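Take a look at the structure set out below.
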Amino acid sequence: YLSNIHENQTFSSPPADPNSPANMPSEEPISRPFLPTLFLLLCLFSLATSDELQTLLTIKTSLKNSNTFVFDSWDAKIPTCNFTGITCDPATKLVKEIELSKQNLSGQVPFAAICQLKSLERLSLGFNSLSGQVTEDLNQCVNLRYLDLGNNFFYGSVPDISALSQ
């Protein structure tokens, strides 16, 4: 059939039916280049939430001798945003607040671990029995806007954290 078609030959077709499915607007399928990007974003989100889970479980381990039930919900099988005392950003699902005031906590606070939570804005640990030093690691909490460590048994000088308010 193709051998009978000449270069300048034109063909006419019947007028298009406006109600034909071929002439109806259709939803564009997800383009193939978009799929790897979506997959990469999902992987990165999964890694971030996995890192946050490990960080929170490290905090729990550091304070394991506390006489409290607050950590009962801090389990790897439970989403971190459902942990008692944890508030997450609704859009990113990343930890933005730790509120563990008045929870009868004891032990040394793992500031280095806490500051791995890059979206952390509020840290409330007041009115517990926490001890040790408040370390320079606190300066790694780059998004921290509120800090309550009052009424505990910390010793030594508090590091300069004025850079956090900028």
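Atoms considered below: every heavy atom in the structure, side chains included; atoms not considered: hydrogens, waters and symmetry mates. The first residue in the sequence is number 1, and the count goes up from there. Every value quoted in this text rests on a predicted model; they were computed, and no experiment measured them.
Qualifying side chain to side chain donor-acceptor pair (under 3.5 Å) partners for N139, counting only residues two or more places apart in sequence or in other chains: E136. For N82, the side chain to side chain contact (heavy atoms under 4.5 Å, CB included) test picks out I78, P79, with sequence neighbours left out. When the side chain to side chain donor-acceptor pair (under 3.5 Å) test is applied to T58, no partner is found at least two apart in sequence or on another chain. Residues that satisfy the side chain to side chain donor-acceptor pair (under 3.5 Å) test with N67, not counting sequence neighbours, are absent from this structure. Residues that satisfy the side chain to side chain contact (heavy atoms under 4.5 Å, CB included) test with T135, not counting sequence neighbours, are F111, D137. Annotation: side chain to side chain donor-acceptor pair (under 3.5 Å) contacts of S106 (sequence neighbours excluded): none. Remark: F153 engages S129, S131 in a side chain to side chain contact (heavy atoms under 4.5 Å, CB included) (not counting sequence neighbours). Residues forming a side chain to side chain contact (heavy atoms under 4.5 Å, CB included) with Y146 (at least two apart in sequence, or on another chain): R122, S124, D148.
With hydrogens and angles left out, the side-chain atoms of E99 and S101 include a donor and acceptor closer than 3.5 Å.
Sorted pairs that involve residues 69-87 and meet salt bridge (Lys or Arg N to Asp or Glu O under 4.0 Å), not counting sequence neighbours, are lacking altogether. Pairs passing the disulfide (SG to SG under 2.5 Å) check and including a residue from residues 83-128, sequence neighbours excluded, read C81-C88, C115-C141. Residue pairs that meet the ring-ring contact (aromatic ring centres under 6.0 Å, His included) test with at least one member in residues 55-84, sequence neighbours left out, are F71-W74, W74-F83.
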